[in-house]
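Following: one structure in structure tokens, then a few remarks.
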Amino acid sequence: MSSAPALVPVASPPRSSPPWLPTPLLVSQYPMLAHLHSCTSMKQLHQMHANAITSGAIFDNFVASRILSFSALSPYGSLSYARLLFSRLRKPDTFTFNTLLRAYVCGPDPLNAVLFYIDVLNSSALHRPDNHCFALLLKACSEAPSLSLGVMVHAQAIKFGWSSLVSVQNFLVHMYASCGDIGLAKLAFNGIEECDDASVNMMLGGFLKCGCFEGARQLFDEMSERDGITWSVMINGLVQRSRFKEGLEFFRRMLEEKVEPNESVLVNVLNACAHLGAMEQGMWVERYLKGKSIRFSVRVGTALVDMYLKCGCVEKAYEIFARMEEKNVLAWTAMIGGLAINGRGEEALQLFSQMEMEGVSPNDVTFIGVLNACSHAGLVDDGVKYFSSMTEVYGIEPNVQHYCCLVDLYGRCGMLHQAEEVIKKMPMKPNSAVWGALLNSCRIHGNSLLGEVVGKKLIELESNNSGRYVLLSNIYAANGRWENVAELRRVMKERGVTKLPGSSFIDLKGHVYEFVAGDNVHPQSKEIYVMLSVMMKKLMQAGYKANTGEALLGMDEEEKETAVSYHSEKLALAFGLINTEPGTTIRITKNLRVCSDCHTATKMLSKIYDRVFVVRDRGRFHHFKDGICSCNDFW
DNA sequence: GTAGGGTTAG
């Protein structure tokens, strides 16, 4: 990644005011709209609305639509208030109608746009919906996605005579593709007489949305012209569907073709790096931004902070965070949550109070980070205090995830009874994550009796989730209950549940390498296995004994020992040790939880080789140094 | 007088 071609500098995108505020030009034409700029509460909004009515300005549809837009999109209004406002308009025109429609599409439930359309059509307040209206309705159906409503909207578009307009046809293509009906999408696409720039991009976006990646790739490769948006659609689409490696691959291609990445691409690329633990590539993005003297926007800054934290590099995250000029609740939340998973609970809490001092209010996600911080730092009392402060101080109703944190908080420190009580008393139905937190606590504290009850419950709840079987099996194994282990294995086989293969990623000089247990596809495979045997020898000398309790079921002891020694994590470690200078920190990202054998081995290896190993597993970070781990062996 | 395709944290 560092060898990517130098690019022509561009200015950072102009900072535009939020979409609910009228532009200076509009204010000069309609002085009344200036008041919206000083509107900072719902009360002021109501006052503004009342003034518009008494002065008669509300009868100007343009003024009405701007107030409507402000009501629907700004934090000082709501969709329902905007809807009320709309219903009071004497003669709303299509433009005003579309304004509200657009707000619905951007809102939490886009299909409400379709319901609103039906409502207004029935009330005959709308004479004839225009082409923009159908573009918006089709977009709503793509986002949901809802093929049945999409087809209905298509029929309406035909009825009102807009179905042969390119702008509407583009959205038809997007809607059918997003809903997974590639056949109809192609039909609609072929029906477009004169394709414009957007047509193919809409098709591409639809392919990605419905998970048709091969189709997307093929279409992308066939395209004769690819503009900046095409690349955005492709990269962002892949990243958002968790195809991180492919997203980075396309980002690389984009740079090779000398196309400028825009902010949204950079944010998504950083996101992909965060997920993969690809810090080298993430650092490349940072250098790229610096090279272009692009000021960190809140979003890019937050994405960078998040990336560094998810790569286990807390110091770099602090550095970026300090340099961010504007910090909103998202930025603070990323930092707090990231410190928590890195085992820096106290610092996370410190940051939380600093955030408050700077006048930024926490949201529900912030509290997930705060509670996580308490639970990983073993601060039960603080955690409980923060939990109750949510409703009492901040007026945030805890959701199921917050209860999940609370169960984890009690359970992790061994207060299993209190954890169970939380589950009994919580106001909503506990989901599998809540039971999962309790199960993990049973594993940590070796409570196989409760573990068995909870594990069985979870397996019933999610009979396809192999992780649940594995965790229960580990609990049985740790207690020497081998007959139960065998029974569980039989059930898994019967139900056709296969264990998700563990894999480890390591980011080296801008490339992400992936290892699975016992794999030998890597070109350096031979050297890796030689290194591994050296490592094992040194481990044995240091008194290591393979812990096979979590190994695959149904093997004899010796087989198990070999199996754990070839775990993907150990392969990645060997690979890292071969290919880095002594003293370099090695960062590994795992798709599963670290097994206890790998954990012990990695601890010892950090001392033997005098290295820092940062391993990120499914749930948190392990910083190995001098033979100890930052998780204090609780994970 | 007017809005398209990519963009929102754990």
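Residue numbers begin at 1 in each chain, while the letters A, B, ... track the order of the sequences.
- Relative to the side chain of Q240(A), the nucleotides dG10(B), dG5(B), dG6(B) differ in distance, and dG6(B) lies closest.
- Within the 4.0 angstrom heavy-atom criterion, only backbone atoms of the sugar-phosphate kind lie near N236(A); the bases stay farther away.
- Closest approach to the S264(A) side chain among dA3(B), dG6(B), dG4(B) is made by dG6(B) (side chain taken as heavy atoms from C-beta onward).
- Donor-acceptor pairing under 3.5 Å, judged by distance alone, is present between the side chain of N201(A) and the base of dG5(B).
- The base of dG4(B) has none of its N or O atoms less than 3.5 Å from a complementary donor or acceptor on the side chain of D197(A).
- Rounded to an integer number of Å, the gap from CH2 of W20(A) to C1' of dA3(B) is 17 Å.
- The aromatic rings of W284(A) and F251(A) stand perpendicular to each other, their planes meeting at an angle above 60°, with 30° marking the opposite boundary.
- A salt bridge is defined here as a Lys NZ or Arg NE, NH1 or NH2 lying under 4.0 Å from an Asp or Glu carboxylate O, and E249(A) with K245(A) fails to meet this definition.
- With T589(A) contributing its side chain and L276(A) its backbone, the two residues share a donor-acceptor pair below 3.5 Å.
- For the 3.5 Å distance criterion, the side chains of T333(A) and T366(A) qualify, holding a donor opposite an acceptor.
- Remark: R217(A) engages E246(A) in a salt bridge, criterion side-chain N to carboxylate O under 4.0 Å.
- Looking at heavy-atom distances under 4.0 Å, N98(A) makes contact with a base.
- Between dG10(B) and K310(A), a contact under 4.0 Å exists linking OP1 or OP2 to a side-chain N or O.
- Residue side chain R299(A) reaches the base of dT7(B) through a donor-acceptor N/O pair under 3.5 Å, judged by distance alone.
- Note: CG (D60(A)) to P (dT2(B)) measures 14 Å, nearest angstrom.
- F97(A) comes within contact range of no nucleotide atom at all, as no heavy-atom separation falls under 4.0 Å.
- Among the heavy atoms of the strands, none lies under 4.0 Å from N372(A).
- Atom-to-atom, OH of Y176(A) to C1' of dG5(B) comes out at 19 Å; the value is rounded to the nearest Å.
- Nucleotide dG6(B) holds its C1' atom 11 Å from the CD atom of E143(A), rounded to whole Å.
- Checking dA3(B), dG1(B), dG10(B) against the side-chain heavy atoms of R102(A) singles out dA3(B) as nearest.
- Distance from the side chain of V233(A) is smallest for dG6(B) among the nucleotides dG6(B), dG4(B), dG10(B).
- At the heavy-atom level, N61(A) lies nowhere under 4.0 Å from the strands shown.
- For dG5(B), one of the phosphate oxygens OP1 or OP2 lies less than 4.0 angstrom from a side-chain nitrogen or oxygen of K139(A).
- Note on T333(A): nothing from the nucleic acid sits closer than 4.0 angstrom, heavy atoms only.
- Atom CG of N170(A) and atom P of dA3(B) are 18 Å apart (whole Å).
- One interatomic measurement links the two molecules: CZ of F207(A) to P of dG6(B), which rounds to 16 Å at whole-angstrom precision.
- Ranking dA3(B), dG6(B), dG10(B) by closeness to the H132(A) side chain, first place goes to dA3(B).
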| request: Take Y394(A) and S361(A) through the test side-chain contact (heavy atoms from CB on, under 4.5 Å) and record every step on the way to the result. | output: CA-CA 8 Å; Y394(A) 304 96; S361(A) 314; 5.9 Å; no

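- Ranking dA3(B), dG4(B), dT8(B) by closeness to the N268(A) side chain, first place goes to dT8(B).
- Per the geometry, CD1 belonging to I235(A) stands 15 Å off C1' belonging to dG5(B), to the nearest Å.
- Checked against dG6(B), dG5(B), dG4(B), the side chain of D227(A) finds its nearest nucleotide in dG5(B).
- When the P atom of dG4(B) is taken as reference, atom CG of L138(A) falls 15 Å away, rounded to whole Å.
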